[in-house]
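One structure below.
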Amino acid sequence: MAGAKANFTATVGQAAEYFAVYPSTAKVSLSEGSLTVGIPAEQNGKFEDANIAIARTTERNLVFKNLCALGKFSLERDDIAKVVLYGNSGQNLVGNVTLSLDENGVPSVESTDSPDDSIVLTPASGDAFAAGIYYFSAIPITLEDGVSFTLTTV
């Protein structure tokens, strides 16, 4: 499969354990072995920014695991300036999540700081989204009552 594997080179010091987060623009902190990653309330719909993944290793080989629930939607119009997503029961969808990682490196959310119950998507550039497919990331939770989208035109 094309793109199933990638090689990156970095110079790092000796440590008992190594962590990595993708994308590199993600807000991250590590304190006393506790990893916190920000799932932003303001997003741009680009897959490469929405697909937040983390890795931990003791051997300098990193296998990334998805952190977030990744949503996908399509727009058939080219005059949408903003998309707001809500859980129909008011669940918190984003925030700074403190994680635990199991023995296989699979993350789970332990707690959320600065939570928000909506995700606001605006174009990465320009005044409106082009017609096409867009993505968003959220805390992985069950939305039993579904979601709602509010679209704002230019």
Side-chain angles (χ1 to χ4, degrees), residues 1-75 78 80-87 91-143 147 149 151:
M1 174 192 319
K5 186 174 181 179
N7 292 315
F8 298 92
T9 303
T11 303
V12 296
Q14 284 287 32
E17 143 175 274
Y18 301 90
F19 293 89
V21 178
Y22 175 89
S24 63
T25 55
K27 179 181 167 190
V28 180
S29 66
L30 180 63
S31 176
E32 298 177 18
S34 182
L35 182 65
T36 301
V37 178
I39 303 173
E42 296 181 9
Q43 301 181 26
N44 61 25
K46 295 168 63 176
F47 177 81
E48 59 269 25
D49 293 331
N51 187 31
I52 301 172
I54 66 167
R56 176 185 68 188
T57 188
T58 57
E59 302 172 7
R60 297 190 186 187
N61 273 335
L62 298 167
V63 177
F64 284 85
K65 306 287 184 179
N66 290 329
L67 168 61
C68 299
L70 186 64
K72 174 181 166 181
F73 64 96
S74 63
L75 296 173
D78 62 4
I80 305 299
K82 179 169 67 170
V83 177
V84 181
L85 170 76
Y86 304 90
Q91 301 95 327
N92 290 320
L93 301 176
V94 294
N96 298 320
V97 295
T98 300
L99 311 172
S100 65
L101 297 139
D102 71 12
E103 63 278 353
N104 297 314
V106 176
S108 59
V109 175
E110 294 293 318
S111 64
T112 305
D113 182 36
S114 304
D116 200 322
D117 64 356
S118 65
I119 299 170
V120 177
L121 293 112
T122 54
S125 62
D127 294 333
F129 289 102
I133 296 174
Y134 295 93
Y135 300 87
F136 60 89
S137 56
I139 296 170
I141 58 172
T142 301
L143 296 168
V147 296
F149 291 87
L151 307 176

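By the neighbour-count criterion of 12 heavy atoms within 6.0 Å, atom CG of Asp102 is densely surrounded, having more than that number from other residues, nucleotides or ligands. Atom CD of Glu42 has 12 or fewer neighbouring heavy atoms from other residues, nucleotides or ligands inside a 6.0 Å radius.
No donor-acceptor distance shorter than 3.5 angstrom exists from the side chain of Asn66 to the backbone of Cys68, with no hydrogens or angles considered. Formation of a donor-acceptor pair under 3.5 Å by the Gln91 side chain with backbone atoms of Leu143 is not found in this model. Formation of a donor-acceptor pair under 3.5 Å by the Asn104 side chain with backbone atoms of Val106 is not found in this model. Panel note: side chain Arg56, backbone Glu103; no donor-acceptor pair is recorded below 3.5 Å.
Note that CG of Asn96 and OG of Ser111 are 9.5 Å apart. Values are rounded to the nearest 0.5 Å. Separating the CD1 atom in Ile139 from the CG atom in Leu67 is a distance of 9.0 Å, to the nearest 0.5 Å. Between Thr122 atom OG1 and Asn44 atom CG the span is 7.0 Å, to the nearest 0.5 Å. Rounded to the nearest 0.5 angstrom, Phe19 CZ and Leu101 CG are separated by 6.0 Å. Between the OG atom of Ser108 and the CG atom of Leu99 there is a distance of 7.5 Å, given to the nearest 0.5 Å. Between the CZ atom of Phe129 and the CZ atom of Phe73 there is a distance of 5.5 Å, given to the nearest 0.5 Å.
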Which is it for Thr36 and Asp113 under the side chain to side chain contact (heavy atoms under 4.5 Å, CB included) test, yes or no, and what are the steps along the way?
CA-CA 9 Å; Thr36 301; Asp113 182 36; over 6 Å; no

Glu59 and Tyr18: side chain to side chain contact (heavy atoms under 4.5 Å, CB included), yes or no, with the steps?
CA-CA 8 Å; Glu59 302 172 7; Tyr18 301 90; over 6 Å; no

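Within the 4.5 Å cutoff, side-chain heavy atoms of Ser137 are placed close to those of Gln43. For the pair Asp49/Tyr135, no side-chain contact is recorded, criterion being any heavy-atom separation below 4.5 Å from C-beta on. Pro40 has its side chain within reach of Ile52: a pair of non-hydrogen atoms, C-beta onward, lies under 4.5 Å apart. Counting heavy atoms from C-beta on, the side chains of Ile54 and Leu35 come closer than 4.5 Å.
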